[in-house]
Amino acid sequence: MLFRQTERARKPKVRPAAGNDMQFTKFRSRDPLNHLPRILGQLERMGFVLEAISLRARSSGFSDIRILYRVAGNLSSQTFVERIAQLPGIDSFRHGKATQVPPRRPL
């Protein structure tokens with residue numbers, strides 16, 4: 001046998017999403033079609049739960065993007081925010097605890 005597994009793969013500890021952990025992130029983007037997939041990928045990799053997303057195109061060339069999500073996993077919402085803020089073309093960045101949760105609509 002060339003490879004012998006000596007230790008089972010460990011699953012990361014995941015903190016369950018709680019109602020208080022609803023966060024929002026709002027920013028302007030010059031390239032929303034590029035930024036949205038990257039941001040959604042970050043949410044997925046961090047184990048966060050997407051609750052709502054909205055995009056509003058502006059005539060100025062920017063688009064307003066707002067994301068509501070629940071924090072889960074080992075990483076904080078601040079880590080998520082720092083990763084998004086590093087993307088080129090992001091402007092007018094705001095984030096914090098969401099005070100109002102949008103109602104869920106059936107598909």
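Keep in mind it's a predicted model, so treat the numbers as computed, not measured.
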Chemist: Quick one: does K97's side chain get under 4.5 Å of Q23's, heavy atoms only?
Modeler: yes
Chemist: Following the transitive rule for hydrophobic clusters with a side-chain heavy-atom cut-off under 4.5 Å over Ile, Leu, Val, Met, Phe, Trp and Tyr, establish whether F62 and L55 coincide in one cluster.
Modeler: no
Chemist: Can you tell me how far the CD atom of E51 sits from the CD1 atom of I67, to the nearest 0.5 Å?
Modeler: 12.5 Å
Chemist: When rounded to the nearest 0.5 angstrom, what distance separates CG in L43 from CD1 in I53?
Modeler: 8.0 Å
Chemist: Within a reach of under 6.0 Å around CD of E44, are more than 12 heavy atoms found that belong to other residues, nucleotides or ligands?
Modeler: no
Chemist: Does a side-chain heavy-atom distance below 4.5 Å link L75 with F80?
Modeler: no
Chemist: If every non-hydrogen atom of P32 is compared with every non-hydrogen atom of P37, which pair is closest and at what distance?
Modeler: O-CD, 4.2 Å
Chemist: Quick one: list whatever passes side chain to side chain contact (heavy atoms under 4.5 Å, CB included) with L87, sequence neighbours left out.
Modeler: H35, R38, I39, I90
Chemist: So which atom in G47 and which in A72 form the shortest heavy-atom distance, rounded to 0.1 Å?
Modeler: O-CB, 3.3 Å
Chemist: D64 and side-chain hydrogen bond (donor to acceptor under 3.5 Å, both in side chains): which partner among R56, R58, K26?
Modeler: R58
Chemist: Taking the six-membered ring of F24 (Phe, Tyr or Trp), confirm whether the NZ or CZ of R66 is under 6.0 Å from its centre and within 45° of its axis.
Modeler: yes
Chemist: Could I get the full list of ring-ring contact (aromatic ring centres under 6.0 Å, His included) partners for F27, not counting sequence neighbours?
Modeler: F93
Chemist: Check step by step if salt bridge (Lys or Arg N to Asp or Glu O under 4.0 Å) holds for R28 and D91.
Modeler: CA-CA 5 Å; R28 291 189 322 171; D91 191 22; 2.5 Å; yes
Chemist: Could you give the distance from CZ (R94) to OG1 (T25), rounded to the nearest 0.5 Å?
Modeler: 11.0 Å
Chemist: Would Y69 and S77 count as having a side-chain donor-acceptor pair, cut-off 3.5 Å?
Modeler: no
